[in-house]
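Note sheet for the following structure.
Note: hydrogens, waters and symmetry copies are ignored here, and every other heavy atom, side chains too, is used.
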Amino acid sequence: MVTVKTSPPRTASLSLPSFFTSSYTFHSHNTYIQTQTPPQPEATQKKTMAAGGGNSGKSDDFQPFPVKDQLPGVDFCVCTSPSWPESILHGFQHYLVMLGTTVIVSSTIVPLMGGGNTEKAEVINTLLFVSGLNTLLQTFFGTRLPVVIGGSYVFIIPTVSIALSSRYSFLTDPNERFKESMRDVQGALIVASFFTMTIGFFGFWRVFARFFSPLAAAPLVILTGLGLYSHGFPQLARCVEVGLPALIALIFFSQYIPHLIKSNRAIFDRFAILFSIVVIWVYAEILTASGAYDNSVSKTQFSCRTDRSGLTSAASWIRVPYPLQWGRPSFHAGDAVSVIAASFVAIIESTGTFIAASRYASATPIPPSVHSRGVGWLGVAILLNGLFGTGTGSTASVENAGLLGLTRVRRRRVVQISVLFMLFLSVFGKFGAILASIPLPIVAALYCVLFAYVASAGLGLLQFCNLNSFRTKFILGFSLFIGLSISQYFNEYLLVSGHGPVHTQSTWFNNVMQTIFSSPATVAIMVAFFLDCTHSYWHDSVRRDNGSHWWEKFRSFNADTRTENFYSLPANLNRFFPSF
């Protein structure tokens, strides 16, 4: 039966209670139609309620999952600890994961500078040593999150530009050319570090973070992980007979065995990295020893063989890295501006990594003051890179943030234990060189899983947003697409033409544009942040649609009692360095 009611004429628009939206259909001329459903048989009513259409308690099973400002299901969060033996093994896993980027970055830049295997081994050990110091500083005085501060791919573009500069054309000795170019990189890093420290310690990044919403943060974190896709399967495929089994083994150990073998102790999923590396490394050693690659081309031998890194024979037994070990730094304005652009990208990508780490650490959203504090200590990290001569700057390690999600162990102490491995194995170089000779396709297999975890942390931020809003859909989809599309264009152009699409007479300007726009996360956050702050921002619904109301109580350090548990400085140092 359908009953039609006509409301009396009014000059203003009809204002009805909210429940009318589900009970009435509106039409013109100020009329509305109420539909009354005839009584249904009891069996039909039960089916309706079972499908989620009834009003019984059973319908609760079909409600959306509740929003969680702290990620549940964590075995050990920032404030709790596994046993000491487990902590040591987890720390060793963090060391193995960050070692891959350290070797890749150093192996890329050192030969272009004119260095050989000896210089490459020394730069790797120096970068490991400085990464240990930077990680210790960040976990004690920075964000206090369980993040590793290691070498960055972002600085490769300006470093390679310096290494290939024509100013070294008169040098015929490769060792002298290596030292000269390294000194120029050191000077540029030192200048860039003061830019980063200024952005962080003077609170400029805090101002940016105050306008940060979950909608703007989601593309940043997603592309912080997905933007590194070129270091995943493309590198794995260079030796698919080693890399693909490593990927399958990691997935099998971490995702399937824990469900097939019921145990009170989570062994295989927490230590899947160790199991996978050991099994596949032994398998690769067997292939090498059996002569499987004796007749292969040199490119295949370099990727697949376990005895072609040249690090073990070149590394020193004992060598302690020290500041200015390559000589006094040199300063050039153009080089400094290029590296400043790289440090800006490192700030943005580190912010995405910090957010992912805070989610997997089951911590509350990061207050703006803690963001700024972490960026300031990232500047200190870049300063140490310049003083010691690592050849590259620092950033928060994306792969180690993904390892937090894989193991579900987010204890700060675990990351600090990994520092001991970094320091010890960088000083005793022969032992570290053995681990650094792990075939890179195995490392790429780890990246396929770990980078994916960081991307999924960004997807988790969408729970705070209204995904039924077309404004949300546009900002999210457009920023993700344009972040991937623009960066792909810049990277492909560089590979094909040997230079970026911005090719002027000013080398430093070309490097700045190439560095910024070849980073998917940087492009995505610039687009998403601009759109979120300008598109329909005067509408009352925007703050709820972009999730700002969920993060509002974490804007101030003291607004939520849980914040101090995760982010307060040790030894009551907040008295001297208060967080605003």
Check: Who pairs with His371 by ring pair (Phe, Tyr, Trp, His ring centres under 6.0 Å), at least two apart in sequence or on another chain?
Finding: none
Next item on the list: Would you confirm whether Thr135, through its side chain, and Ile149, through its main-chain N or O, come within 3.5 Å as a donor-acceptor pair?
Entry: yes
Checklist line | Considering all heavy atoms, the nearest Leu406-Ser254 contact | finding: CD1-CB, 3.6 Å
Check: For Val147, does its backbone N or O pair with a side-chain atom of Asn400 as donor and acceptor, under 3.5 Å?
Finding: no
Output side-chain donor-acceptor pairs under 3.5 Å for residues 111-120, partner residues at least two apart or in another chain, one line each.
unit_1, atom_1, unit_2, atom_2, d
Glu119, OE1, Gly116, N, 2.8

Checklist line | Intermediate values then yes/no, side-chain contact (heavy atoms from CB on, under 4.5 Å), Leu145 and Ile366 | finding: CA-CA 10 Å; Leu145 289 167; Ile366 307 175; 3.7 Å; yes
Item checked: Residues forming a ring pair (Phe, Tyr, Trp, His ring centres under 6.0 Å) with Phe517, sequence neighbours excluded -> Phe490
Margin query: Quick check: do Ser418 and Val415 have side-chain heavy atoms less than 4.5 Å from each other?
Written below: yes
Note to self: Please check: side-chain N/O of Arg373 versus main-chain N/O of Gly142, any donor-acceptor pairing under 3.5 Å?
What the structure shows: yes
Note to self: Using the side chain to side chain contact (heavy atoms under 4.5 Å, CB included) criterion, which residues pair with Leu136? Sequence neighbours excluded.
What the structure shows: Phe140, Gln416, Val419
Item checked: Donor-acceptor under 3.5 Å (Thr159 side chain, Ile156 main chain) -> no
Note to self: What's the separation between atom OG in Ser362 and atom CG in Leu404, rounded to the nearest 0.5 Å?
What the structure shows: 11.5 Å
Could you list the donor-acceptor pairs under 3.5 angstrom formed between side-chain atoms of residues 420-436 and any protein atom two or more places apart in sequence or on another chain?
unit_1, atom_1, unit_2, atom_2, d
Ser426, OG, Met422, O, 2.8
Ser426, OG, Leu423, O, 2.8
Lys430, NZ, Thr312, O, 2.7
Lys430, NZ, Ser313, O, 3.4
Lys430, NZ, Ala315, O, 3.2

Next item on the list: Look up atom OG1 in Thr353 and atom CD1 in Ile348, then write down how far apart they are to the nearest 0.5 Å.
Entry: 12.0 Å
Check: Looking at Pro520 and Ser487, what are the two nearest heavy atoms and their distance?
Finding: CG-OG, 3.3 Å
Next item on the list: Mind jotting down which residue pairs meet the ring pair (Phe, Tyr, Trp, His ring centres under 6.0 Å) criterion with at least one end in residues 160-189? Sequence neighbours excluded, please.
Entry: Phe178-Trp326
Next item on the list: Answer yes or no: is there a side-chain heavy-atom contact under 4.5 Å between Val103 and Ile124?
Entry: yes
Notebook entry, point to check: Looking only at atom types and distance, does a side-chain atom of Ser161 sit under 3.5 Å from a main-chain N or O of Ile157, one as donor and one as acceptor?
Noted result: no
Check: Does the side chain of Thr224 pick up a donor-acceptor pair with the side chain of Glu349 at under 3.5 Å?
Finding: no
Notebook entry, point to check: Any side-chain donor paired with an acceptor under 3.5 Å for Thr126 and Gln325?
Noted result: yes
Notebook entry, point to check: Under 3.5 Å, is there a donor-acceptor pair between the Thr390 and Asn385 side chains?
Noted result: yes
Next item on the list: Give every residue pair that meets the side-chain hydrogen bond (donor to acceptor under 3.5 Å, both in side chains) criterion with at least one member in residues 431-457, sequence neighbours excluded.
Entry: Thr101-Tyr447, Gln255-Tyr453, Tyr360-Ser456
Check: In terms of heavy-atom contacts, does CZ of Phe202 have more than 12 from other residues, nucleotides or ligands at under 6.0 Å?
Finding: no
Next item on the list: Under the side chain to side chain contact (heavy atoms under 4.5 Å, CB included) rule, collect the residues that match up with Arg238, sequence neighbours excluded.
Entry: Gln235, Ser303
Notebook entry, point to check: Within the side chain of Thr392, is there an N or O that forms a donor-acceptor pair under 3.5 Å with the backbone of Ser152?
Noted result: yes
Next item on the list: Determine whether Ile382 and Phe195 make a side-chain contact, defined as any pair of heavy atoms from C-beta on separated by less than 4.5 Å.
Entry: no
Next item on the list: Report yes or no: is the cationic atom of Arg413 (NZ for Lys, CZ for Arg) under 6.0 Å from the centre of the six-membered ring of Trp84, at an angle within 45° of the ring normal?
Entry: yes
Notebook entry, point to check: More than 12 non-hydrogen atoms from neighbouring residues, nucleotides or ligands closer than 6.0 Å to CZ on Phe302, yes or no?
Noted result: no
Check: Donor-acceptor pair, Arg206 side chain versus Pro368 backbone, under 3.5 Å?
Finding: no
Checklist line | Trace of the side-chain contact (heavy atoms from CB on, under 4.5 Å) decision for Leu387 with Gln186 | finding: CA-CA 7 Å; Leu387 292 176; Gln186 287 183 258; 5.7 Å; no
Note to self: Closer than 3.5 angstrom, by distance alone: can the side chain of Tyr567 be matched with the main-chain N or O of Thr364 as a donor-acceptor pair?
What the structure shows: yes
Next item on the list: Could you label the plane-to-plane angle of the Phe344 and Trp205 rings as parallel, tilted or perpendicular, counting under 30° as parallel and over 60° as perpendicular?
Entry: perpendicular
Checklist line | Nearest-0.5 Å distance, CZ of residue Arg177 to OG of residue Ser169 | finding: 9.0 Å
Notebook entry, point to check: Please walk me through it: do Phe271 and Val278 pass side-chain contact (heavy atoms from CB on, under 4.5 Å)?
Noted result: CA-CA 11 Å; Phe271 302 107; Val278 169; over 6 Å; no
Check: Pairs in or reaching into residues 100-128: which pass ring pair (Phe, Tyr, Trp, His ring centres under 6.0 Å), with residues at least two apart or in two chains?
Finding: none
Checklist line | Under-4.0 Å salt bridge between Arg183 and Glu180 | finding: yes
Margin query: Under 4.0 Å between a side-chain nitrogen and a carboxylate oxygen: does that hold for Asp173 and Lys179?
Written below: no
Item checked: Side-chain heavy atoms of Arg167 within contact of His332, under 4.5 Å -> yes
Next item on the list: Compare all side-chain heavy atoms of Asp335 with those of Trp508 and state whether any distance is below 4.5 angstrom.
Entry: no
Note to self: For Asn491, is there any backbone N or O sitting under 3.5 Å from a side-chain donor or acceptor partner on Ser518?
What the structure shows: no
Next item on the list: Would you please name every residue forming a ring pair (Phe, Tyr, Trp, His ring centres under 6.0 Å) with Phe253, sequence neighbours left out?
Entry: Phe275
Next item on the list: Sequence neighbours left out, what passes side chain to side chain contact (heavy atoms under 4.5 Å, CB included) with Val380? Give chain and number order.
Entry: Leu137, Met197, Phe201, Trp377
Next item on the list: Would you check if the side chain of Ser338 reaches a backbone N or O of Gly334 as a donor-acceptor pair within less than 3.5 Å?
Entry: yes
Notebook entry, point to check: Distance from Ile516 atom CD1 to Thr522 atom OG1, nearest 0.5 Å?
Noted result: 7.5 Å
Note to self: Contact between Leu287 and Thr306 at the side-chain level, heavy atoms closer than 4.5 Å - yes or no?
What the structure shows: no
Note to self: The test is side-chain contact (heavy atoms from CB on, under 4.5 Å); show your working for Thr407 and Val414 and say whether it passes.
What the structure shows: CA-CA 12 Å; Thr407 61; Val414 167; over 6 Å; no
Checklist line | Shortest non-hydrogen separation from Ala445 to Gly243 and the atoms involved | finding: CB-O, 3.6 Å
Notebook entry, point to check: Taking only residues two or more places apart in sequence, or in another chain, which ones meet Ala356 in a side chain to side chain contact (heavy atoms under 4.5 Å, CB included)?
Noted result: Val221, Val454, Ala457
Item checked: Spacing of His231 atom NE2 and Tyr229 atom OH [to the nearest 0.5 Å] -> 10.0 Å
Check: Can you name the one residue among Thr196, Thr143, Thr395 that meets side chain to side chain donor-acceptor pair (under 3.5 Å) with Ser350?
Finding: Thr395
Check: Can you tell me how far OG1 of Thr515 sits from CG of Asn510, rounded to the nearest 0.5 angstrom?
Finding: 10.5 Å
